[in-house]
Amino acid sequence: QVQLVESGGGLVQAGGSLRLSCAASGRTLSTLSMAWFRQAPGKERAFVAGIVWSGGYIYYAASVQGRFSVSRDNAKNTVYLQMNSLKPEDTAVYYCAATTLPLGGMVRANYDYWGQGTQVTVSS
């Protein structure tokens, strides 16, 4: 089993930045491809960013391209999501997800493991 714990959420003004972390345990992170999803009130959980096990391929949702950056430190078993130029519409609970597939893509069903989520609130 894989356990994922997110941290780093909070309240920030529009235009500000936050850095989320996702610490993994139970399995070596280097064997997992990872992703971040988010869920705003009343909406479906949506893909934000993904990174394959080696870090060699990274991809983003169009809504965050150029503002968010995903990275991983396999030695620390941690994945990060740097969020810059935040907008009120980025307000959501952010979830870390992991898959044993080589590439999880943007599909929720491809991910086997999920964290409990961390709240990000962007005020206007």
Side-chain angles (χ1 to χ4, degrees):
Q1 286 292 330
V2 176
Q3 292 79 43
L4 303 173
V5 178
E6 303 95 337
S7 61
L11 173 64
V12 64
Q13 288 188 333
S17 298
L18 280 175
R19 188 195 197 200
L20 305 183
S21 298
C22 172
S25 61
R27 184 166 178 152
T28 303
L29 191 67
S30 60
T31 63
L32 300 168
S33 288
M34 306 294 294
W36 289 92
F37 286 75
R38 66 186 181 186
Q39 188 166 17
K43 295 188 176 181
E44 295 287 321
R45 192 172 299 186
F47 171 82
V48 175
I51 182 168
V52 299
W53 68 271
S54 65
Y57 180 61
I58 296 172
Y59 47 106
Y60 299 95
S63 59
V64 306
Q65 182 80 45
R67 299 187 298 122
F68 290 13
S69 176
V70 62
S71 61
R72 62 191 297 158
D73 186 336
N74 288 343
K76 295 183 178 180
N77 258 24
T78 302
V79 176
Y80 305 97
L81 183 67
Q82 177 67 43
M83 305 185 295
N84 299 325
S85 301
L86 282 161
K87 305 174 181 180
E89 50 264 43
D90 295 317
T91 295
V93 177
Y94 283 71
Y95 296 90
C96 177
T99 179
T100 55
L101 296 173
L103 176 63
M106 301 183 180
V107 179
R108 285 172 51 188
N110 289 344
Y111 293 86
D112 306 300
Y113 308 102
W114 293 83
Q116 82 290 348
T118 185
Q119 176 70 47
V120 171
T121 303
V122 184
S123 63
S124 57

Ignoring hydrogens, what is the shortest heavy-atom contact between Tyr111 and Val107? Give both atom names and the distance.
CD1-O, 3.2 Å

Does Tyr113 reach the main-chain N or O of Cys96 with its side chain, forming a donor-acceptor pair under 3.5 Å?
no

Do the side chains of Leu18 and Val70 join up, straight or via other hydrophobic residues, at under 4.5 Å, putting them in one cluster?
yes

Check for a donor-acceptor pair, side chain of Asn77 on one end and backbone N or O of Ala24 on the other, with a separation under 3.5 Å.
yes

Would you find a donor on one side and an acceptor on the other, under 3.5 Å apart, between the side chain of Thr118 and the backbone of Tyr94?
no

Do you reckon Val12 sits in the same ILVMFWY cluster as Trp36, going by side-chain contacts under 4.5 Å, direct or chained?
yes

From Ser30 OG over to Arg72 CZ, what is the distance, rounded to the nearest 0.5 angstrom?
7.5 Å

Measure from NZ or CZ of Arg108 to the centre of the six-membered ring of Phe37 and say whether it is under 6.0 Å with the direction within 45° of the ring axis.
no

Starting from Met106, can I reach Phe68 by hopping between I/L/V/M/F/W/Y residues whose side chains sit under 4.5 Å apart?
no

Using side-chain heavy atoms (C-beta onward) and a distance below 4.5 Å, is Arg45 in contact with Trp114?
yes

Nearest heavy-atom contact between Ser71 and Val79 is O-CG1, 3.3 Å

Min side-chain heavy-atom separation Gln39-Tyr95 under 4.5 Å:
yes

Just verifying a value: how many Å separate Asn84 CG and Leu86 CG, rounded to the nearest 0.5 Å?
7.0 Å

Tell me whether the rings of Phe47 and Tyr59 are parallel (<30°), tilted (30 to 60°) or perpendicular (>60°).
parallel

Check whether Ser33 reaches the backbone of Pro102 with its side chain - one donor and one acceptor, N or O, closer than 3.5 Å.
yes

If every non-hydrogen atom of Ala92 is compared with every non-hydrogen atom of Ala40, which pair is closest and at what distance?
CB-N, 3.8 Å

Where the side chain of Asn74 meets the backbone of Thr28, is there a donor-acceptor pair that is under 3.5 Å apart?
no

Quick one: does Gln82's side chain have a donor or acceptor within less than 3.5 Å of a partner on Ser69's backbone?
no

Rounding to 0.5 Å, atoms CD (Gln119) and OG1 (Thr91) come to a distance of 7.5 Å

Joint hydrophobic cluster, Ile51 plus Tyr80, side-chain heavy atoms closer than 4.5 Å:
no

To the nearest 0.5 Å, tell me how far Ser124 OG sits from Lys87 NZ.
14.0 Å

All heavy atoms of Asn110 vs all of Gly104, minimum pair found to be ND2-O, 2.8 Å

Same cluster or not: Val5 versus Met34, using hydrophobic residues (I, L, V, M, F, W, Y) connected whenever any side-chain heavy atoms lie under 4.5 Å apart?
no

Check whether any side-chain heavy atom of Thr100 sits under 4.5 Å from a side-chain heavy atom of Asp112, and report yes or no.
yes

With a 4.5 Å heavy-atom cut-off, do Arg38 and Val120 have their side chains touching?
no

Does some side-chain heavy atom of Glu6 sit less than 4.5 Å from a side-chain heavy atom of Leu20?
no

Where is the tightest heavy-atom contact between Ser17 and Ser85, given as atom of each residue plus distance?
OG-N, 4.4 Å

